[in-house]
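So the structure is just underneath, and the comments pick up after that.
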Amino acid sequence: MNAYAPILVLGAIGAGFAIFSVVMATLIGPKRYNRAKLEAYECGIEPTPLPAGGGRFPIKYYLTAMLFIVFDIEIVFLYPWAVTFDSLGIFGLVEMLLFVLTVFVAYAYVWRRGGLEWD
C-alpha cells in the first residue's frame with residue numbers, strides 16, 4: 001500500500017484543485033450574461049441556424065481528425081522504439097520501417113484527398 005500512497009495523494013490533490021477551480025469560478029466569476037454571450041462562438045463569424053436534421057460536416061474535418069490520430073499513434077510507438085533501439089537490432093529496424101511505411105500510406109491518402117489544403 002505504501003507504493004501507491006504518492007499516486008493516491010497526487011490524484012487527491014489534482015481532484016481537489018479541479019473542484020476548487022470550478023467552485024471558485026462560479027462564486028467569483030462575472031455574472032453579466034447577455035444574448036451575445038449565450039450564443040455559440042464561431043470564430044467571429046455570425047452564427048447561422050442549422051437545418052432541422054443537423055448540419056453535415058465537410059470531409060476535411062474527418063481527414064484532419066484522421067491525420068491527427070495517425071500521427072498521434074505513430075509518436076506513441078516511436079518513443080519506446082527509440083529507447084530500446086539498441087537491444088532490438090535489425091528486427092526492430094525492419095519492423096519500424098514497415099510501420100512508418102504504413103503510416104505514410106495513410107498520410108498519402110489524406111494528402112491525395114486534399115486534407116492538407118486550407119482554402
Side-chain angles (χ1 to χ4, degrees):
M1 185 63 184
N2 287 338
Y4 295 108
I7 297 171
L8 294 174
V9 169
L10 185 63
I13 290 172
F17 179 73
I19 292 170
F20 173 76
S21 298
V22 170
V23 169
M24 292 308 289
T26 56
L27 291 178
I28 61 176
K31 294 174 180 52
R32 294 171 292 188
Y33 298 107
N34 57 24
R35 185 171 175 243
K37 285 192 179 225
L38 294 176
E39 290 204 18
Y41 180 68
E42 295 185 11
C43 302
I45 301 171
E46 287 293 322
T48 57
L50 289 176
R56 295 185 67 181
F57 288 103
I59 189 69
K60 289 188 184 230
Y61 172 80
Y62 297 107
L63 291 174
T64 304
M66 186 174 81
L67 190 66
F68 172 77
I69 290 171
V70 163
F71 285 109
D72 193 39
I73 291 172
E74 181 183 16
I75 294 300
V76 165
F77 285 119
L78 278 175
Y79 275 122
W81 173 78
V83 170
T84 60
F85 177 72
D86 289 336
S87 64
L88 293 175
I90 193 74
F91 173 76
L93 180 63
V94 170
E95 290 298 317
M96 189 49 67
L97 285 176
L98 290 174
F99 176 71
V100 170
L101 181 68
T102 306
V103 170
F104 181 72
V105 168
Y107 175 71
Y109 173 76
V110 171
W111 189 353
R112 179 87 173 128
R113 296 286 299 201
L116 302 176
E117 296 173 8
W118 299 99
D119 297 334

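Owing to the predicted nature of the structure, the values given are computational and were not obtained by experimental measurement.
- Under the 4.5 Å side-chain heavy-atom criterion for grouping Ile, Leu, Val, Met, Phe, Trp and Tyr, F68 is connected to I73 within one hydrophobic cluster.
- No single ILVMFWY cluster, assembled from side-chain heavy atoms under 4.5 Å apart, contains both M96 and V83.
- No continuous path of ILVMFWY side-chain contacts below 4.5 Å connects L10 to F17, so the two sit in separate hydrophobic clusters.
- I7 and I13 are not part of a single hydrophobic cluster, where members link through side-chain heavy atoms under 4.5 Å apart.
- Considering every non-hydrogen atom in both T26 and V23, the closest pair reads OG1-O, 2.8 Å.
- For the pair L93 and F85, the tightest heavy-atom approach, listed with the atom from each and the gap, is CD1-CE1, 4.2 Å.
- The side-chain heavy atoms of L101 and L97, taken from C-beta on, include no pair separated by under 4.5 Å.
- Cluster annotation: L88 and I90 are assigned to the same hydrophobic cluster (Ile/Leu/Val/Met/Phe/Trp/Tyr, side-chain heavy-atom contacts under 4.5 Å, transitive).
- F77 has its ring centre no less than 6.0 Å from the ring centre of W81.
- Across all their heavy atoms, V100 and E74 have their closest contact at CG2-OE2, 4.1 Å.
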